Each structure stands twice: as structure tokens, then as C-alpha cells.
2 protein chains.
Amino acid sequence: MTVTLADVAARAQVSPATVSRVLNGNYPVAAATRERVLRAVDELDYVLNGPASALAAATSDLVGILVNDIADPFFGIMASAIQNEIGGPGGRAGGERLAVVCNTGGSPERELTYLTLLQRQRAAAVVLTGGAVEDAPHVAAVAAKLRKLAAAGTRVVLCGRPPAPDTEAVALTFDNRGGGRELTEHLIGLGHRRLGYITGPKERTTTRHRLEGHRAALAAAGIEEDPRWTVHGGYDRGAGHEATLELLRRDPSLTAVVAANDSVALGACAALRESGLRIPEDVSVAGFDDLPFSIDAVPALTTVRLPLAEAGARAGRIAMGREEAPPDGIATITGELTIRGSSGPPGH
Amino acid sequence: MTVTLADVAARAQVSPATVSRVLNGNYPVAAATRERVLRAVDELDYVLNGPASALAAATSDLVGILVNDIADPFFGIMASAIQNEIGGPGGRAGGERLAVVCNTGGSPERELTYLTLLQRQRAAAVVLTGGAVEDAPHVAAVAAKLRKLAAAGTRVVLCGRPPAPDTEAVALTFDNRGGGRELTEHLIGLGHRRLGYITGPKERTTTRHRLEGHRAALAAAGIEEDPRWTVHGGYDRGAGHEATLELLRRDPSLTAVVAANDSVALGACAALRESGLRIPEDVSVAGFDDLPFSIDAVPALTTVRLPLAEAGARAGRIAMGREEAPPDGIATITGELTIRGSSGPPGH
DNA sequence: CCTCGGATAGAAAGCGCTTGCTAGAGAAGG
DNA sequence: CCTTCTCTAGCAAGCGCTTTCTATCCGAGG
């Protein structure tokens, strides 16, 4: 039926051990023998049995990448960069590793299940991207899993996610708080005093940090925040659209809307326009992330640029052991305030 | 070190065979015994060894999803839908399958390598998404691989990709030609006679089909196409931006620009605006796919809506054998012309 | 009371590959 | 010319799980 190592060995007139060694290239094999084996492999069209190999060697070449939403370019861009460094086919690295992107949909259960699945596959490494859910039991459960994975020799890297305490996981964290603060400071600097804020999904670290940054900026400027100015939403444009309508209903005198991310900001722009408001003359809008489409919005979006691809690449290299982990296993990556047309002085 | 089936068996005072049966649930086990085993599993925190299981059972629960560009929502949306049906954690289906998204970057070699990797892992199913490269040797190589995969029991489904001849692969194809034609007919109907076209990457089926549809519409309307009106590009906004500038340079009298997809269209809009042209008063723009951000463009993009999520879901179900394949293994999925603000009558 | 059949559980033979150890063959050294 | 290495290649023992075949235990039927 299927061709096995033994078949190749028979054809090349060598032992299975030799074939294995030729294929793995980690043991001296005479050139002539190697040649013969390779020819046999080719002639028989042999394909290694991954599971058998993984079982015998007690390692696999699977690398897991967990993302919250695969349809969101925020994750797509990171995943792409990670995968590139992981050394999948054509990637920068040599080995042929299978990078598997797992879509958790932001659900804690799915996240946990995927981690178990990866543990089951004896994954070589796991990269968790994006914000984490803050529910205490879940945080503990994830930490426990990560510890187990690490114990089994799986390298764990967090990319754009806060550190996991009591864990060997390396963390590359985005400075969401700082970015949020800068953004709002910029708006305040333009003269805004009444700013609406649309958050991401509740219970997410990213959501909380960006909001905290926003509030820190307000506090620093001595602006007292009105509770009506904050609306909880999600990370998609629809959420931004609805939330903006709600904000306008609550306080039509707002002169700026800060969104949890660019997609939300886009939805906000749409809602504002539908309401007959001009951007930025009547209301300024700001996003976060600087995804590719943000520059094409009209007006172009003021936002905080996050080096998604760079962070992903670095995470990938660390996961493969090709780059040293940052001191203490934690590195903070800062965003860059990017001012464009969607923000301007209020009320003119 | 790691807990094995045997450990669990010892703890539960049964044979390894019984534990395996409890875990797989495909053989009668007395309730009391099952109970005992489950408790042992829990107490020892046992995690099945995937490779060992796959080796012994000669099957795995891996499902591969090949995409051309994971950072592009076009693929993200499909992948997400597929994964949901595949029955990954939390998905609709029961089993816990590991859906792995592989990013080929549009490269034929990577595509082939990933297929080999999946074959190596004895994947349960493989879904290939998006347009294919048309290079003859590569098409043959892929077909050969797909045949081999099918022979090994792997179900193969193509989603948004033309059928692979001489293959058992089920194909859900998008009617790119028809969509392209409708779109251009719409523009011609508005009165446009000089239409620029920005293609996707060369040698891709999607690129060719959309362009063919466009030309068919021109021909049907008796419009003779000027070679200068076609610029070859890519699928990202940058390509659209550049290509549009080039189109304007070649023939400033164009009254409409048809783009290979929405991202390209967005880039085109930006370029037009920079050139001081209004949309749609001076130049109409049309995209393709109707990605989420297209409705938020200003003006909102006229495009062809492709039911990405639906198609993905269906592909996923077929891959899992939960839905019957279409007759002859081929189904054509049509897009829906979606007219919005970016297209209007020329020259007013 | 004995036999037979249905339900459960166990024994054991692999699944295809890796790798520690051993063996043979020349090359080099004494 | 024999011993001692250095190279290569083979042997064989698993890796941890699944599954066929067999054994055992009971209650039912004769």
C-alpha cells in the first residue's frame, strides 16, 4: 500500500536505520550510500510518516499559533510574520516545520482546548497572540497549561499579549496603555475636552489597557470624565457603528471619538457621517493599530501604529530559538502615534 | 516523566486496552469501569499522545487549510468559516480536530511543500482556498499530490478555486468571470466607455477569470479595448495605488477604474483623490469580493459580493463528510453585484 | 444442573520510525 | 605484521497507542 522506510531500505539495499539517517542528516553516511538511498526515495516517491517519526523521536515539527480572530488582519499580519520565521516552506529558516494557525475566536475554552491539542501533538513551540481574557480561573488554567507545555519541551512565546506570571513563557507585549495615552493626549492637545471612547470586548487585557491609557491622559489634563462617554463594544466595525450612535445619543456635544481599534474607528466614521457630522470639523476620530486600510479611510485615520509584522517575526525567531529572549523574558513594544486627517481642532 | 496510557491503566486497575476504549468510546465498556478510568485520567492529568495514536490508528485528526495570504481577510473569512465547521474546539462539529491554516503566500513551491507536509501528517482532510497558479507543470504537480492524498484517504476540497482535473477533489468555484462581467456591464450601463482595469497577480486563475469577464462585457457592448487600459498589479492596496497612477498617466480620459479586488480598489481611490479627481463624479471605481471594510470606504465601494463565509462553511462540511458533495464534484458559487456610491454616470 | 450466548476485559501483535550499541573494514601507528 | 582508531552500517529495542483475537463471567434456556 503505502511506501515505508523499509521499502526504501530494501530498494537501496541498506538497512532502515541508514535510510533514516540519510533523511535526518544527523549521522555520517558515506556519499555513495546516501546517493543510493536518495534515489530510492525518489523512485518510490516515499513520504515520511510524520506520526511515526514524531513518536519515535519524541518531538514533532508542529508549531502552533493561537489567534483570537483569523479574519482580522491584526492577527493575520502577525501570524504571517511568525510563520515566515518559523521556517515553514519557503520561510527564512531551513527546516520544514508545519506552522498551524489556530483560531480561538476569543473564547477561553477554545484557547484551552487548542493548547491541549497542541500538547497532544507534542508541538515544538506555541505562540499566543493578542489580548488575553482576564477571568481569573481562566488565567490560572492557561498558566498551568503553559507550564506543562514548557515542561514537555515546548517553547512558549506570547506576542502582543501581557506576560503570564509563574510561567517560562517569553512575552513581547504591546504598550497599549502608553499608546492609548498618547492618542488621547494628542486630541486633548488639539483642544478637545469632551471625548467619547468605544472599548473592545470586556474582560480583555487589550481593552482594559487602552482604556486606562485614555483615562490617564484625561486625568493628567484635569478633565473629569463623564461615565456616559464610555461605551463598551467589540473589535469589529459594526460595534463601532452602533457604539457611536449610542454615544451621540448620550451626549451630542462630543467633539472626538476614540475607538478601540481601526475597524471600530471605521464604523464610527460611518455612523458620524450618517448623522450628518463632518470629520474632523465636527468630530475627530482616532483608531488604534494602523492596519493597512486605515490610511485609505477618508479622512485617513489618526491612530497608533503597532509594528505587528516586526513583533511577529521576533516572536517567531524566539520560538525557534534563533533569537535570544529579552531579559526577564519580557519586552515591551511601543506603538507610534500616527496623526492623519481624522483628527483636528474641535468645533470650527 | 510524562503520563502514558499504561500509567492510567495501572491507576484504574485495568488494562491499557480498556483505557484506550474508554477514551475512544467505540467499544462497550461497563459504566463502573469507565468511571474509574475517567477518574484516573483526571487525577493523573493525562494527555493522549497524538503521534502515537495517529500511528497506531493510521489516521489523524489534523485538517489542513491552505490559503494564499493569511493577512488578507478574503482568506481569513473563509478559513474562519471552514475551521468552524471542521469541528475544532467550540466548532459546530463534535470531534476535536486540529484545523491548521497554512500560508502559502501564493508561492507554488510552498503550496506543494505544505501538501507534502500534510500528507506526511496523514491529514484527515485538506481544503485549498483561493485562486490557483496556472503554470502547467505546477498544476500537474498539485494534481498528482491531490491524487495521492485522496488515495491515502484524505478528503480534498477546493474552495473558491477552479476544479482540478483528473482528481477526486470536490470543487466549490466562485464565478469570477460572471461577476467581473456583471460589474463592467453595470459601469457600461451607466454610460462609461473608457474603463481602466487593474488585474491581480499574473498567472492566477482568479486574475484571469475576472479580467475575462470584464472583457466579455466590453466586447458585448461593442467597446474596443485599448491595451493601455489594462495594468497588471497585485492584490494589495499598494498595487492599486500605483497601477491607478499608471493608468492616469497612460490615459487621463478614463472615466472608470475596475479593480481586481476591494483592497486594490481602495488603493485606486486614494490615488485618484491624490490626483484631484472626485469619485464617482470624475472617475467611478469598482472592487470585487465585498470585504467588510468596503462599505466604509468613502464613497462606499461598488463591488461583487462573494459569500465567503457560506462557501467556507460548506467546504468545511464537505471535508468532514457531513454534507454531500455537489454532482460531478463541482459547484459554482455566484457573486452578487453590489452597487454603492463609488460608481455613477461619467463626466458630470 | 449443564450448556450456550452475550457482555466485558485482557493479552499481544503490531503501526513506522529513531537511536544506542555493536560489528566490520580500512587506515594509521608501533 | 599486529594493534588501535576512525568510519560506516546494521541490529534490535523501543516510542505509546489501537485493535484483533481470546478468555472469562453471568444469566438465560433446555
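Naming: A, B, ... by sequence-line order, numbering from 1 per chain. As the structure is a prediction and not an experimental result, all values here were calculated from the model.
- Within 4.0 Å of A:V29, counting heavy atoms only, lie sugar-phosphate atoms of the nucleic acid but no base atom.
- A straight line from CG of A:L23 to P of C:dT19 spans 12 Å, rounded to a whole angstrom.
- Distance A:R120 CZ to D:dG16 P: 16 Å, rounded to the nearest Å.
- The nucleotide whose nearest atom lies closest to any side-chain atom of A:A57 is, among D:dT19, C:dC15, C:dT18, C:dT18.
- Under a 4.0 Å N-O distance rule, the pair B:R322/B:E85 qualifies as a salt bridge.
- With salt bridges taken as basic N to acidic carboxylate O contacts below 4.0 Å, none links B:R317 and B:E310.
- Remark: A:F75 CZ to A:L66 CG distance equals 10.5 Å, nearest 0.5 Å.
- For B:Q13, the side chain to side chain contact (heavy atoms under 4.5 Å, CB included) partners two or more places apart in sequence, or in a different chain, are B:R36.
- Straight-line distance from the CG atom of B:L55 to the C1' atom of D:dT18: 10 Å, rounded to whole Å.
- The existence of a salt bridge linking A:R11 and A:E43 is confirmed by a sub-4.0 Å separation between a basic side-chain nitrogen and an acidic carboxylate oxygen.
- If A:V14 and B:T18 are placed on DNA chain D by their nearest nucleotide, the residue sitting closer to the 5' end is A:V14.
- When the P atom of C:dC15 is taken as reference, atom CG of A:D7 falls 12 Å away, rounded to whole Å.
- With distances taken from any side-chain atom of A:A30 to the nucleotides C:dT19, D:dA9, D:dG16, the minimum falls on D:dA9.
- For C:dG20, its base sits under 3.5 Å from the side chain of A:R21 at one donor and acceptor pair at least.
- For a distance-only test at 3.5 Å, the side chain of A:R122 fails to qualify as a donor-acceptor partner of the base of D:dG16.
- Two residues, A:L5 and B:T33, neighbour DNA chain C, and the one matched to the more 5' nucleotide by heavy-atom proximity is B:T33.
- Here the P atom of nucleotide C:dT18 and the CG atom of A:D61 are 11 Å apart, to the nearest Å.
- In this entry the distance linking CG of B:N49 with P of D:dG16 reads 7 Å, nearest Å.
- Between the CG atom of A:L44 and the P atom of C:dG16 there is a distance of 15 Å, rounded to whole Å.
- Counting only heavy atoms from C-beta on, A:T4 has its side chain closest to C:dG16 among C:dT8, D:dT18, C:dG16.
- With rounding to whole Å, A:Q13 atom CD is found 15 Å from D:dG10 atom C1'.
- At least one side-chain nitrogen or oxygen of A:N24 sits closer than 4.0 Å to the OP1 or OP2 atom of C:dT18.
- Taking only distance into account, the side chain of A:Y27 meets the base of D:dA9 through a donor-acceptor pair shorter than 3.5 Å.
- Proximity of B:S20 to the phosphate of D:dT18: a side-chain N or O atom is located under 4.0 Å from OP1 or OP2.
- Comparing B:N26 and B:P51 by the nucleotide of DNA chain D whose heavy atom lies nearest to each, the residue mapping closer to the 5' end is B:P51.
- Using a 4.0 Å cut-off, some side-chain N or O of A:S53 falls inside it from OP1 or OP2 of C:dT18.
- For the residue pair A:K148/A:Q119, the side-chain donor-acceptor check at 3.5 Å is not satisfied.
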